[in-house]
K.L.:
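Quick one: this structure, given as structure tokens, is what I'll be asking you about.
Proteins get letters first, then strands, A, B, ... in listed order; numbering begins at 1 in each. No hydrogens, no waters, no symmetry mates; every other heavy atom, side chains included, goes into these values. Given the structure is predicted, the values throughout are model-derived calculations rather than measurements.
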There are 2 protein chains.
Amino acid sequence: MAPKIKDVAKKAGVSVTTVSRVLNGEKYVKDDLKAKVKRVIDELGYAPSHIARSLVRKKTNLIGVIVPDLTSSFYSTILSSIEETASLNDYNLLVCNIIEDTDKELKYLNVFKEMRVDGIIIMHEKLSDDIRSFINKLDIPVIFSSVRPLDHKFVSVIIDDYEAAYDATRYLIELGHERIAFIGGDMRDITSGQNRYVGYRNALKDQRVRIVNDYIRFGDYKTQSGYNLMKELLACEPRPTALFAVSDDMAVGAMNCIHDHQLKVPDDISIIGFDGSQLTELVRPRLSSMEQPIQDMGKITVDTLIELISDPTFSPREDLILGHKLVVRDSCRAYQTER
Amino acid sequence: MAPKIKDVAKKAGVSVTTVSRVLNGEKYVKDDLKAKVKRVIDELGYAPSHIARSLVRKKTNLIGVIVPDLTSSFYSTILSSIEETASLNDYNLLVCNIIEDTDKELKYLNVFKEMRVDGIIIMHEKLSDDIRSFINKLDIPVIFSSVRPLDHKFVSVIIDDYEAAYDATRYLIELGHERIAFIGGDMRDITSGQNRYVGYRNALKDQRVRIVNDYIRFGDYKTQSGYNLMKELLACEPRPTALFAVSDDMAVGAMNCIHDHQLKVPDDISIIGFDGSQLTELVRPRLSSMEQPIQDMGKITVDTLIELISDPTFSPREDLILGHKLVVRDSCRAYQTER
DNA sequence: ATGAAAGCGCTAACAT
DNA sequence: ATGTTAGCGCTTTCAT
């Protein structure tokens with residue numbers, strides 16, 4: 001069995017309180033005693049039980065994180081930033097990967113509750129009724145990152161997805177494109193589904209570009225779905241000359257589909273993605289994308305959650321809206337009518 | 001404050017023991033009592049404290065995981081598989097992302113020790129002396145996944161990296177290539193550094209292909225490093241006609257470099273990667289790769305660790321060697337001398 | 001079938 | 001400056 005504080009106390013010839021004091025760096029311990037205790041701790045290889053500590057302190061220093069898909073470039077990057085920030089603040093991450101599995105999510109949320117995690121980060125917005133009511137009853141701070149669910153009793157750290165989509169679409173319009181297709185996400189998602197879609201539509205409408213329903217398709221943010229939808233789009237007559245995809249993954253899927261059909265990006269079709277994930281630099285041509293500040297998003301999520309944890313009265317009723325940025329790479333070109 | 005077992009007991013008019021019994025599904029509780037307790041639990045929104053439980057049961061159902069780079073396609077996939085298997089067995093993951101930071105790693109290992117995690121999974125092999133001695137003293141089961149450090153007192157779940165690299169290289173030789181370059185990893189790594197390098201060398205030697213030192217470069221498994229090293233290789237005279245990169249990330253970096261120099265894969269240079277990560281299907285041309293059974297690796301790692309946890313006498317002294325598989329896609333072609 | 005009470009390893013009054 | 005002791009919320013003998 002691992003040594004306990006009592007063992008240390010006995011061997012050092014002091015009381016457990018004294019050991020506890022040196023453990024917690026309190027003063028009121030004479031230097032020689034402190035030194036002796038420390039030596040014994042080393043000799044015994046003693047490490048205080050976080051379990052026992054949590055029980056009395058009522059603080060676990062644990063943050064539960066629910067990620068929709070660990071293997072996606074966007075989420076693994078934001079998770080990495082979350083981990084870094086948490087670690088810097090002495091918080092540890094309990095990570096749960098949910099791939100559209102409400103039961104598993106509910107189970108995990110319950111584990112988070114049982115574990116008495118200090119806070120919870122959720123990164124998807126397709127909240128089932130069960131989930132919704134569960135987290136509403138929970139008296140643990142919850143924060144949403146990169147998404148904002150509909151009835152938000154909680155804070156979200158996001159960009160303005162509507163504006164970002166609008167700007168991305170306008171960029172294509174300004175390049176002279178008039179047949180601009182759209183590959184969207186799940187319309188049950190407000191943030192990444194609806195907002196981005198409406199941004200696209202309104203950009204077209206405002207610049208008086210015709211909206212063609214056939215050019216509008218919806219999928220699930222993943223590469224495969226981008227590939228499949230692009231295939232459908234290639235069958236349209238006339239073919240679109242540009243595409244806005246609401247995730248880089250989908251954009252890459254579309255690029256690959258185009259490549260596999262012996263067409264060229266951007267010569268035949270211009271593509272702009274969304275997220276600004278690592279993928280953008282991994283593919284050829286490099287993918288222009290509407291960039292979310294992924295690193296900042298992770299950091300700010302954790303920083304805000306920690307404030308929420310340490311000061312329950314602190315409650316930024318407002319969401320935290322970060323800036324988006326168009327990053328131009330090589331996947332778009334101007335459209336010449338006389339081509 | 002969250003309700004406790006005592007609150008439930010009081011409200012249900014029974015003893016805490018009884019509540020504990022229904023919580024743990026024991027028999028010897030009359031049905032009507034059981035029902036009443038359950039109702040009260042619901043009404044109160046009571047969830048047993050995992051902390052308190054762990055303290056008395058001496059079991060946390062926590063597994064600590066140390067990942068070298070969450071954002072890499074290989075590690076995020078294996079982590080995803082680990083998470084899934086753990087979750088299925090009611091274990092939760094404490095995830096720590098280490099990017100060559102020994103201090104952080106040591107700190108985390110100490111957290112794992114304090115947290116009394118039931119087991120630890122480590123996915124890198126560059127163990128510093130501190131780390132090495134720390135885990136040797138630890139009386140928590142440790143398992144290595146995808147790597148095997150030098151003095152292995154612990155079990156590893158791996159493929160035969162030497163054989164896999166040998167086979168990958170031989171594939172290029174069989175395609176008729178004679179100028180085969182190598183982009184390697186960190187030679188301080190046994191598994192992914194040395195073994196793969198020696199596999200490459202021996203394959204050349206055995207098939208009597210000349211080994212050219214200029215064609216051999218070492219990096220850090222990442223895309224950028226693959227890119228940079230390929231740039232160096234392109235400057236060689238004569239240029240290599242084929243390349244074996246010890247990670248898919250590096251292979252993709254090399255592909256991009258080749259593309260950026262107006263050359264073609266596989267027409268000008270054939271490339272084979274290593275890992276069989278999702279990247280292989282994301283790039284064009286699709287990347288042929290020596291595939292590791294990533295999913296299985298994650299699953300087997302967790303399954304074995306759980307055995308280790310539940311039965312301390314159980315100790316597969318042997319490493320678990322999984323099979324590798326060459327997956328041919330579009331990045332290699334036969335070399336014709338008369339070209 | 002149910003309950004009382006000891007104890008898991010620690011912290012934090014409270015005493016000295 | 002150091003020690004005694006009562007919990008923290010649960011499980012688990014041991015009684016009944």
K.L.:
When you measure from the side-chain N and O atoms of A:T18 to the phosphate of D:dT2, is any distance below 4.0 Å, counting only OP1 and OP2?
P.N.:
no

K.L.:
Keeping the roles fixed (side chain from A:D319, backbone from A:I321), state whether a donor-acceptor pair exists under 3.5 Å.
P.N.:
no

K.L.:
Can you give one letter per nucleotide of nucleotides 8-16 of chain C, 5' to 3': B if a protein heavy atom sits under 4.0 Å from the base, S if only from the sugar-phosphate, - if neither?
P.N.:
BBBSBBB--

K.L.:
If the helix axis at each end comes from five base pairs, how far does the helix from C:dA1-D:dT16 to C:dT16-D:dA1 deviate from straight, to 10°?
P.N.:
40°

K.L.:
Nearest-Å distance, NZ (B:K34) to P (C:dA1)?
P.N.:
11 Å

K.L.:
Keeping A:S80 on the side-chain end and A:S76 on the backbone end, is there a donor-acceptor pair under 3.5 Å?
P.N.:
no

K.L.:
Flag the pair A:Y91 / A:I306 as yes when at least one side-chain heavy-atom distance between them is below 4.5 Å, and no otherwise.
P.N.:
yes

K.L.:
Given atom NZ of A:K59 and atom C1' of D:dC8, what is their separation to the nearest angstrom?
P.N.:
16 Å

K.L.:
Could B:D31 and B:K38 be called an ion pair, given the rule that one side-chain N must be under 4.0 Å from one carboxylate O?
P.N.:
no

K.L.:
Would you mind reading off the distance between A:K36 atom NZ and D:dT2 atom C1', rounded to a whole angstrom?
P.N.:
14 Å

K.L.:
Has A:T304 got a side-chain atom pairing as donor or acceptor with A:I300's backbone, closer than 3.5 angstrom?
P.N.:
yes

K.L.:
Would a distance-only check, ignoring hydrogens and angles, find a side-chain to backbone donor-acceptor pair under 3.5 Å from A:N136 to A:R132?
P.N.:
yes

K.L.:
In whole angstrom, give the distance that lies between atom NZ of B:K10 and atom C1' of C:dG3.
P.N.:
15 Å

K.L.:
Pair A:S15, A:T18 - check side chain to side chain donor-acceptor pair (under 3.5 Å), show working.
P.N.:
CA-CA 5 Å; A:S15 75; A:T18 302; 3.3 Å; yes

K.L.:
Tabulate below the donor-acceptor pairs under 3.5 Å that side-chain atoms of residues 116-129 of chain B make, not counting sequence neighbours, or state none.
P.N.:
unit_1	atom_1	unit_2	atom_2	d
B:R116	NH1	A:A47	O	3.2
B:R116	NH1	B:K113	O	2.9
B:R116	NH2	A:A47	O	2.8
B:D118	OD1	B:T60	N	3.2
B:D118	OD1	B:T60	OG1	3.4
B:D118	OD2	B:K59	NZ	3.1
B:D118	OD2	B:T60	N	3.4
B:D118	OD2	B:N61	N	2.6
B:H124	ND1	B:K126	N	3.4
B:H124	NE2	B:E105	OE1	3.2
B:H124	NE2	B:E105	OE2	2.6
B:E125	OE1	B:I190	N	3.1
B:E125	OE1	B:T191	N	2.9
B:E125	OE1	B:T191	OG1	2.8
B:E125	OE2	B:T191	N	3.3
B:E125	OE2	B:T191	OG1	3.3
B:E125	OE2	B:S192	N	3.2
B:E125	OE2	B:S192	OG	3.0
B:K126	NZ	B:E100	OE2	3.4
B:K126	NZ	B:D186	OD2	3.3
B:S128	OG	B:I131	N	3.2

